[in-house]
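Notes follow the structure.
Nothing here was measured: the structure is a model prediction, and the numbers come from that model. For the numbers below, each heavy atom of this structure counts, side chains included, while hydrogens, waters and symmetry mates do not.
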Amino acid sequence: MARQLPEKLAQKLDHLPNSPGCYQMHNAAGKVIYVGKAVVLRNRVRSYFHASAQHNAKTQALVDEIVDITWWVTKTELDALILENELIKRHQPRYNIRLKDDKTYPYIKIHWAEDFPKVTIVRRMARDGGRYFGPYTSAFNVRLTLEALRHIFPYLTCNREITGKDDRACLYFHIGRCNGPCIGAVNRDEYRGMMQGLADFLSGDSEPVLTTLRGQ
């Protein structure tokens with residue numbers, strides 16, 4: 001270990017589980033000064049105190065303040081991700097930079113309350129009739145995923161009022177990225193059926209879509 005640890009802290013490090021979860025670092029006043037998540041709690045938390053650890057100044061200052069650790073075991077890494085978000089919001093630890101303010105992990109929202117639902121990336125869920133999927137760790141990867149899925153589920157991205165009576169469709173219809181409800185190429189039920197397929201995929205029923213993507 002990098003420094004002489006308080007006996008209580010050393011004992012806790014010896015009893016960390018080999019499980020995913022979240023951990024909290026406490027200072028001498030008992031205040032939570034850092035919250036983190038781990039795929040394997042034992043490996044991640046103990047790494048802070050290894051003699052060979054090469055910390056930057058901020059992390060070393062954190063380690064020097066730690067006198068106690070508490071943790072929660074979760075079933076999955078995703079559960080740990082969600083719990084970490086909530087704990088940071090609750091305690092506002094001064095050594096956490098990400099997630100400390102109003103930022104949070106992205107969700108995919110299908111605007112199901114609309115007749116012709118669109119898809120957006122949002123940072124918060126609301127009771128608005130939408131369907132939410134996530135959270136995800138990277139908004140960039142979410143955008144890449146949605147772009148790939150538009151080959152299979154060509155959902156609307158424009159702000160047109162959909163009547164089915166427009167004279168012309170936009171470019172996305174002509175390149176296969178929209179199925180053209182604006183010109184009546186599909187009706188409401190057909191469009192919503194397609195969007196149900198997207199919702200099924202995001203819920204975990206991915207094999208039919210993956211088979212189609214492999215074929216393409």
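- Using a 30° and 60° split on the angle between ring planes, Tyr23 and Tyr34 fall in the tilted class, from 30° to 60°.
- The backbone N or O of Ile110 sits nowhere less than 3.5 Å from a side-chain atom of Lys118 that would complete a donor-acceptor pair.
- Interatomic distance, CD1 of Ile121 versus CD1 of Ile108, reported as 6.5 Å (0.5 Å rounding).
- When atom types are taken as modelled, the side chain of Ser47 and the backbone of Arg44 share a donor-acceptor pair closer than 3.5 angstrom.
- Note on residues 166-183: pairs passing side chain to side chain donor-acceptor pair (under 3.5 Å), not counting sequence neighbours, are His151-Arg177, Arg160-Asp166.
- Sorted by first and then second residue, the salt bridge (Lys or Arg N to Asp or Glu O under 4.0 Å) pairs with a member in residues 181-195 read Asp115-Arg188; sequence neighbours excluded.
- Within 6.0 Å of the CD atom in Glu77, the count of heavy atoms belonging to other residues, nucleotides or ligands does not exceed 12.
- Summarising the geometry of Ala80 relative to Cys22, their closest heavy-atom pair is O-SG, 3.0 Å, with the distance given to 0.1 Å.
- We find that Asp14 and Arg42 are not joined by a salt bridge, their nearest charged nitrogen and carboxylate oxygen being 4.0 Å or further apart.
- Each of Phe153, Trp112, Phe116 was evaluated against Tyr191; a single residue qualifies, Phe116, per the ring-ring contact (aromatic ring centres under 6.0 Å, His included) test.
- The backbone N or O of Ile33 sits nowhere less than 3.5 Å from a side-chain atom of His26 that would complete a donor-acceptor pair.
- Asn56 and Gln60 share no side-chain donor-acceptor pair at under 3.5 Å.
- Atom-to-atom distance recorded for Leu5:CG and Ile66:CD1 is 9.5 Å, nearest 0.5 angstrom.
- The main-chain N or O of Val35 is found under 3.5 Å from a side-chain atom of Asn96 such that the two form a donor-acceptor pair.
- For the atom pair OG1 (Thr120) and OH (Tyr132), the distance works out to 7.5 Å, reported to the nearest 0.5 Å.
- With Arg46 contributing its side chain and Leu13 its backbone, the two residues share a donor-acceptor pair below 3.5 Å.
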Could you check Ser203 against Asp200 for side-chain hydrogen bond (donor to acceptor under 3.5 Å, both in side chains), going step by step and ending with a plain yes or no?
-> CA-CA 5 Å; Ser203 297; Asp200 291 343; 5.4 Å; no

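- Here Glu207 pairs with Thr211, Arg214 under the side chain to side chain donor-acceptor pair (under 3.5 Å) rule; sequence neighbours left out.
- With rounding to the nearest 0.5 Å, the separation of NZ in Lys12 from OG1 in Thr70 is 6.0 Å.
- Between Phe173 and Ala185, the closest heavy-atom pair is CE1-CB, 4.0 Å.
- Thr74 places a side-chain N or O within 3.5 Å of a backbone atom of Thr76 that can act as its donor or acceptor partner.
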